Amino acid sequence: MAAATSGRPRPRPLPRRFYLPDAREVAPQLLNKVLVKGRRRARIVEVEAYVGGGIDPGSHAFGGLTRRNSTMFGPPGHLYVYFTYGMHWCANVVCEPAGTASAVLLRAVEPLDGLEEMRSLRPRARSDLDLCSGPAKLCQAFSITGADDGSDLVAGVVAGALRIVDDGTPPPDRPTATTRIGLSAGADLPWRWLVPGSAHVSRRAVSR
DNA sequence: CTTTGGATCGTCT
DNA sequence: GACGATCCAAAGG
């Protein structure tokens, strides 16, 4: 081996099989993985699971296949991007085999690199804690729009493409679990997970 | 610090 | 025609 420092594995993209399980299984495993696009890198600190099979009234796919949610019904490892409130984009990672609509919403990430670019893309952010602390904020910071809906996070070597990589940081042993944010239906289901103690989440977990 | 209301338009009924 | 898997600024304590 050439390097004297051999402790840290080289970051590698998550394989397709990572996204094959139920979104409730994939979601907490995505914590501490790293979202990468060009020079921009950020650690995933908050996610929500949206489950297929007609058991999740909070999911966009609950009512079946529509034009908007069709990516959710496709193969795993692709990006489902939707438009909401007339102005915001939000990004999910599709899970489970094609035909089952489940996904993990990326709700907050901790910026690691490329912060200058993120700041210019998010001029309203008052501090670096505001750069990516919300599902629409992180899409602004990573230039994710509807044009990215259906894009593949795994296959192909495309320069500057969005990727999720493992840099050797394991998921939290005991992730914080709470109910999901902003829902009218399915608001009681505890399918939101946070990195405990992270200052970069969208909302702090309810203290006790 | 917390709460409130406005912005703004694609999607689905 | 109603409603968002949100964000932000302003107002209130």
Side-chain angles (χ1 to χ4, degrees), chain A residues 19 22-24 26-28 30-31 35 42 44-74 78-96 100-111 118-151 153 162 164 175-194 199-208:
Chain A
Y19 303 103
D22 187 299
R24 290 167 292 187
V26 175
L30 277 169
L31 294 176
L35 189 66
I44 298 171
V45 297
E46 177 182 347
V47 291
E48 286 178 355
Y50 289 86
V51 178
I55 66 172
D56 183 2
S59 171
H60 286 166
F62 184 62
L65 177 66
T66 67
R67 182 180 188 130
R68 173 176 68 161
N69 67 24
S70 63
T71 298
M72 289 184 79
F73 287 84
H78 289 247
L79 202 65
Y80 166 51
V81 183
Y82 68 89
F83 185 66
T84 191
Y85 291 102
M87 64 192 94
H88 296 304
W89 300 101
C90 297
N92 301 251
V93 176
V94 175
C95 299
E96 297 201 62
T100 300
S102 90
V104 176
L105 173 67
L106 303 177
R107 280 201 57 92
V109 298
E110 174 186 350
M118 296 181 192
R119 292 184 192 112
S120 70
L121 288 161
R122 288 207 21 80
R124 315 280 282 271
R126 293 170 147 261
S127 83
D128 290 346
L129 288 176
D130 284 332
L131 284 179
C132 300
S133 56
K137 295 178 187 177
L138 72 88
C139 281
Q140 290 172 25
F142 275 83
S143 311
I144 297 169
T145 71
D148 299 295
D149 182 41
S151 63
L153 293 168
L162 192 70
I164 299 178
T176 303
T178 78
T179 54
R180 296 174 294 182
I181 303 293
L183 303 192
S184 57
D188 52 323
L189 298 168
W191 293 342
R192 172 179 179 240
W193 289 271
L194 314 170
H200 294 266
V201 298
S202 65
R203 305 187 195 177
R204 308 291 169 99
V206 181
S207 56
R208 179 163 27 162

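Numbered from 1 within each chain, the chains take letters A, B, ... in sequence-line order. Small disclaimer: the values here were computed from a predicted structure and weren't measured.
- Annotation: side chain to side chain contact (heavy atoms under 4.5 Å, CB included) contacts of A:Ala141 (sequence neighbours excluded): A:Met118, A:Arg122, A:Cys132.
- Under the 4.0 Å criterion applied to side-chain N and carboxylate O atoms, A:Arg180 and A:Asp56 are assigned as salt-bridge partners.
- Taking atom CH2 of A:Trp89 as the reference point, atom C1' of C:dC7 lies 16 Å away to the nearest angstrom.
- Distance CZ (A:Arg203) to P (B:dT3): 11 Å, rounded to an integer number of Å.
- With A:Glu46 as the fixed residue, the salt bridge (Lys or Arg N to Asp or Glu O under 4.0 Å) test singles out one of A:Lys137, A:Arg192, A:Arg203: A:Arg192.
- Straight-line distance from the CD atom of A:Glu48 to the C1' atom of C:dT6: 12 Å, rounded to whole Å.
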Output one line per pair: protein atom, nucleotide atom from nucleotides 8-12 of chain C, and distance, for all N/O pairs under 3.5 Å.
unit_1, atom_1, unit_2, atom_2, d
C:dC8, OP1, A:Arg122, NH1, 3.1
C:dC8, OP1, A:Arg122, NH2, 3.0

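- In this structure, A:His60 atom NE2 and C:dG4 atom C1' are separated by 8 Å, rounded to whole Å.
- For A:Asp128 and A:Arg119, the salt-bridge test passes: some basic side-chain N is under 4.0 Å from an acidic carboxylate O.
- Residue A:Gly58 is classed as a base contact, given a heavy-atom separation below 4.0 Å to a base.
- Across all strands shown, A:Ser184 has heavy atoms under 4.0 Å from sugar-phosphate atoms exclusively, and none from any base.
- We find the CD-OG1 distance between A:Glu48 and A:Thr179 to be 8.5 Å, quoted to the nearest 0.5 Å.
- Remark: C1' of C:dG4 and CD1 of A:Ile181 are 15 Å apart, rounded to the nearest angstrom.
- Listed by first then second residue, pairs satisfying side chain to side chain donor-acceptor pair (under 3.5 Å) with a partner in residues 87-96 of chain A read A:Glu96-A:Ser102, not counting sequence neighbours.
- In this structure, the CG atom of A:Leu183 is 12 Å from the C1' atom of C:dT6, given to the nearest Å.
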Kindly give the atom pairs (protein nitrogen or oxygen, nucleotide nitrogen or oxygen) under 3.5 Å for nucleotides 4-11 of chain B.
unit_1, atom_1, unit_2, atom_2, d
B:dT8, O2, A:Tyr85, O, 2.4

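- Every residue two or more places apart in sequence or in another chain was checked for a side-chain hydrogen bond (donor to acceptor under 3.5 Å, both in side chains) with A:Thr84, and none qualifies.
- The distance between atom CZ of A:Arg107 and atom P of C:dA5, rounded to the nearest whole Å, is 11 Å.
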Quiz item: How does DNA chain B look in dot-bracket form if you count Watson-Crick and G-U pairs under 3.5 Å, write [ ] for pairs that cross, and put | where a base pairs with another strand?
Solution: |||||||.||||.

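- With values rounded to the nearest 0.5 angstrom, A:Asp149 atom CG is found 7.5 Å from A:Tyr80 atom OH.
- Between A:Ile44 and A:Ile164, some side-chain heavy-atom pair lies under the 4.5 Å cut-off.
- The side-chain heavy atoms of A:Arg107 and A:Trp193, taken from C-beta on, include no pair separated by under 4.5 Å.
- Rounded to whole Å, atom P of C:dA5 lies 18 Å from atom CH2 of A:Trp193.
- Atom CG of A:Asp22 and atom OG1 of A:Thr100 lie 9.5 Å apart (nearest 0.5 Å).
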